Q: 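My questions all concern the structure below.
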Number of protein chains: 4
Amino acid sequence: MPDTRSGPVRSEAARQSILQATVTLLAERGYDNLTIEGIAARAGVGKQTVYRWWPSKSSIIAECLVEGLLLPVHLRVPDTGDIRRDLTTWLTTLFGYLQTEQGATIFRSLLAVAATDEAVGSGLRDSVMHTQSLSTRLHSAIGTAPNLPEGAPVEEIADALVGALVLRNLARRPIEEGDAERLVEAVIGP
Amino acid sequence: MPDTRSGPVRSEAARQSILQATVTLLAERGYDNLTIEGIAARAGVGKQTVYRWWPSKSSIIAECLVEGLLLPVHLRVPDTGDIRRDLTTWLTTLFGYLQTEQGATIFRSLLAVAATDEAVGSGLRDSVMHTQSLSTRLHSAIGTAPNLPEGAPVEEIADALVGALVLRNLARRPIEEGDAERLVEAVIGP
Amino acid sequence: MPDTRSGPVRSEAARQSILQATVTLLAERGYDNLTIEGIAARAGVGKQTVYRWWPSKSSIIAECLVEGLLLPVHLRVPDTGDIRRDLTTWLTTLFGYLQTEQGATIFRSLLAVAATDEAVGSGLRDSVMHTQSLSTRLHSAIGTAPNLPEGAPVEEIADALVGALVLRNLARRPIEEGDAERLVEAVIGP
Amino acid sequence: MPDTRSGPVRSEAARQSILQATVTLLAERGYDNLTIEGIAARAGVGKQTVYRWWPSKSSIIAECLVEGLLLPVHLRVPDTGDIRRDLTTWLTTLFGYLQTEQGATIFRSLLAVAATDEAVGSGLRDSVMHTQSLSTRLHSAIGTAPNLPEGAPVEEIADALVGALVLRNLARRPIEEGDAERLVEAVIGP
DNA sequence: ATATAACCGAGACGGTACGTCACGTCTTCAC
DNA sequence: GTGAAGACGTGACGTACCGTCTCGGTTATAT
């Protein structure tokens with residue numbers, strides 16, 4: 001029976017406080033300007049308590065992600081049977097999030113972390129963007145659209161959609177009316 | 001009478017030395033771990049000489065980009081009349097660059113800068129990726145493929161291609177045989 | 001009905017272990033570099049067990065002193081009737097202790113504690129150096145030496161002897177042949 | 001021709017500021033409770049500026065000593081021809097300094113440093129206490145007092161006097177009327 | 001030709017944040 | 001209630017870089 005040592009147990013309150021402080025500061029001031037001292041101070045926690053449980057700034061952010069504190073929209077692709085409509089709905093939701101100053105800042109922070117931290121980067125496509133659900137939805141749509149014949153490169157289509165989103169965020173290009181539709185058209189065809 | 005100040009002129013040697021040192025350090029140790037003091041030391045240059053001419057770390061990197069020191073592949077999309085083949089060729093070249101450890105590291109650094117620095121971010125799609133040439137090529141191909149009818153969302157197609165590239169780089173997904181073809185198929189159709 | 005509380009009694013083993021660990025670490029690494037965590041770890045004891053019984057680091061050292069763990073020489077001044085010989089014998093013993101690297105280090109630690117901690121400082125002359133026995137011996141020698149007439153400033157003579165010892169230890173001056181004799185001559189006269 | 005490098009020169013203002021802050025804090029709060037961060041803050045100076053020029057806390061104090069900022073009494077033994085009177089005068093001056101709360105605190109700090117730092121300890125007897133002048137004065141007095149015959153152990157007499165002073169300071173024994181005289185009598189005889 | 005001014009290298013300066021160590025308090029479980 | 005273990009908030013440690021500034025030395029005009 002492992003892990004039966006006595007002694008105090010990790011403080012869940014401190015953990016939550018740190019994660020919440022991280023999200024707040026990330027939204028307020030961006031990824032640089034985010035310091036561990038700042039997190040600890042805002043969380044009302046000793047610096048050592050942070051270092052005891054997380055090896056790096058990016059790992060805190062990774063945990064925020066897993067907890068769903070960073071992307072407070074549900075990223076699952078809907079399934080009404082109409083793949084065009086579903087993708088458009090899904091993209092519109094995401095575009096809506098990226099349209100807010102705060103959402104865009106947080107998402108860019110996320111990309112900065114991904115660029116820096118291998119673990120976050122590797123998990124970006126699947127865990128973060130839930131691309132899995134996108135792939136699944138696309139698979140189930142095979143045959144229902146002319147551009148989705150048997151053997152269509154589903155993963156690459158998913159990459160293209162998510163990647164376009166990422167690129168827009170990095171490029172600070174404002175979202176406009178009809179962008180979601182146009183993007184869907186670009187990859188699924190007219 | 002403009003520009004009648006006296007004194008010596010900006011040292012081109014110092015400038016080159018700084019840019020080169022930046023590229024070297026970026027490839028060696030990544031974007032974080034890149035310090036201005038480190039650049040100056042490696043370049044054999046005083047810190048002030050850096051600060052005199054560049055306002056920030058990211059602006060040095062931006063200049064490296066413009067000088068073509070960072071992405072030593074020519075990014076222009078070829079034009080043989082066959083849009084599929086041209087895109088595949090272009091993507092294969094880029095994939096080749098991102099397949100090298102050094103190229104992937106530099107490109108990720110670039111994305112980190114873009115996530116952080118508004119100017120670099122805004123220029124990412126056009127200046128960095130030369131998406132303009134991609135758009136132009138796609139425009140000229142309208143009508144030559146079933147998925148590129150009149151009024152096709154060319155910009156979004158370009159976004160999708162470049163974005164997929166970016167996403168792959170961030171996600172550290174290794175490139176495999178046929179990836180370029182599949183990606184082209186994903187956006188241009190079968 | 002005094003002392004009828006329940007529960008186990010203070011562990012003598014823990015107490016001894018802590019005191020011994022303190023002496024060891026003091027001799028090994030000096031007064032600074034001595035930490036309570038280090039003592040507890042070396043003693044195989046919880047930190048709280050230390051804090052439960054001692055208010056401060058210096059009080060542990062004070063207890064080591066009282067237990068005779070720090071100055072393992074008997075400091076009582078002998079009494080053969082010949083005050084010169086007795087003082088010389090006593091000083092030679094002490095010099096011998098201070099000549100060892102370990103003894104000198106421990107004694108300096110003691111002085112550092114005395115400089116810092118009022119209680120230890122106040123007890124230094126009497127409890128630590130047993131100056132009381134020195135005074136007594138000097139008192140009993142009054143009249144037996146030309147420099148010890150009736151009314152001789154016995155306390156000051158004791159101070160002078162002990163003080164000279166302390167000074168030598170602080171000044172890291174090595175002891176040489178005949179030093180004990182010369183010091184006795186200095187205060188008792190030729 | 002050594003040391004001809006260009007560039008900024010060490011700031012004398014910063015140096016003075018640091019030394020002065022050290023003295024002030026030492027007198028205010030004692031040797032422990034003295035932190036380098038505290039010194040830097042009080043001096044209005046970056047921490048690195050302290051670390052650039054001094055390897056340790058004790059070395060700052062040592063420099064304060066050399067600058068005469070710590071012991072603001074002149075420690076030279078006077079020479080009127082009457083050795084008893086001269087020693088008494090000298091001791092009275094020192095006792096006066098040690099009688100003030102601040103003087104006693106600073107002097108104890110000094111002893112704590114000496115106990116810890118080899119360099120300061122080694123210099124304690126001579127540089128700090130100017131025992132050299134005491135020895136000289138005693139040498140010149142040989143033959144003028146019955147206890148100072150030819151061949152008297154002058155160094156040991158000096159040790160005894162200075163040591164008694166040190167011991168009193170460590171033991172927190174208050175100075176009383178006639179103490180200086182009694183101490184002189186103890187080592188020079190009646 | 002000579003003064004003036006901007007360049008260059010070097011690096012000291014006041015700062016901020018880093019990641020670590022130890023403090024003294026506390027909480028948990030076993031005895 | 002005591003003891004081993006160790007998490008907690010706190011604060012100082014010594015280091016790395018930040019961006020600004022000050023040096024002595026070196027060009028290049030502008031007088």
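Note that the coordinates shown come from a computational prediction; the quantities given were computed from them, not determined experimentally. Here is the naming used below: chain letters follow the sequence lines, and residue numbers restart at 1 for every chain.
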Q: Under the side-chain contact (heavy atoms from CB on, under 4.5 Å) criterion, do I36(C) and W54(C) qualify, and how do the steps go?
A: CA-CA 11 Å; I36(C) 292 198; W54(C) 289 275; over 6 Å; no
Q: Within less than 4.0 Å of OP1 or OP2 of dC13(E), is there a side-chain N or O belonging to R52(D)?
A: yes
Q: Between E12(B) (CD) and dC7(E) (P), how many Å, whole number?
A: 15 Å
Q: Here's a test of your reading of the structure: between K47(C) and K47(B), which maps to the more 5' nucleotide of DNA chain F?
A: K47(C)
Q: I need the CD1-C1' distance between I60(D) and dA12(F), as an integer number of Å.
A: 14 Å
Q: Determine whether the side chains of Q16(B) and E12(B) contain a donor N or O and an acceptor N or O closer than 3.5 Å.
A: yes
Q: Output a table of donor-acceptor pairs, distance under 3.5 Å, between side-chain atoms of residues 109-124 of chain A and any protein atom two or more places apart or on a different chain; print 'none' if there are none.
A:
| from | atom 1 | to | atom 2 | distance (Å) |
| --- | --- | --- | --- | --- |
| S109(A) | OG | T105(A) | O | 2.9 |
| T116(A) | OG1 | A112(A) | O | 3.2 |
| D117(A) | OD1 | A119(A) | N | 3.1 |
| D117(A) | OD1 | V120(A) | N | 3.0 |
| D117(A) | OD2 | S58(A) | OG | 2.9 |
| S122(A) | OG | E118(A) | O | 2.9 |

Q: Got a donor-acceptor contact below 3.5 angstrom from the S17(A) side chain to the A43(A) backbone?
A: yes
Q: A14(D) has a side chain; which of dC23(E), dC13(E), dG9(E) sits nearest to it?
A: dC13(E)
Q: Can you identify which nucleotide, out of dC23(E), dG11(E), dA4(F), has its nearest atom closest to the P8(D) side chain?
A: dG11(E)
Q: Under a 4.5 Å cut-off applied to non-hydrogen side-chain atoms, are I60(C) and E63(C) in contact?
A: no
Q: Quick check for you: among dC8(E), dT20(E), dC8(F), whose closest atom lies nearest to any side-chain atom of W53(A)?
A: dC8(F)
Q: Which one, dC13(E), dG3(F), dG11(E), comes nearest to the side chain of Q48(B)?
A: dG11(E)
Q: Output the residues of residues 21-46 of chain D in contact with DNA chain F, where contact means a heavy atom of the residue under 4.0 Å from an atom of the strand; sort by number or write none.
A: T35(D), I36(D), E37(D)
Q: Measure the distance from CZ on R15(B) to P on dC7(E) and round it to the nearest whole Å.
A: 15 Å
Q: Distance to the ring centre below 6.0 angstrom and angle to the axis at most 45 degrees; does that hold for R10(A) and W53(A)?
A: yes
Q: Looking only at the side chain of R10(B) (C-beta and beyond, no hydrogens), which of the listed nucleotides dG3(F), dA12(E), dC8(E) gets closest?
A: dC8(E)
Q: Whole angstroms only, please: what is the CD1-C1' distance between I18(C) and dT2(F)?
A: 12 Å
Q: Ignoring hydrogens and geometry, is there a side-chain-to-backbone donor-acceptor pair from R172(D) to L170(D) under 3.5 Å?
A: yes
Q: S6(A) side chain: which of dG9(E), dT28(E), dC8(F) is closest?
A: dT28(E)
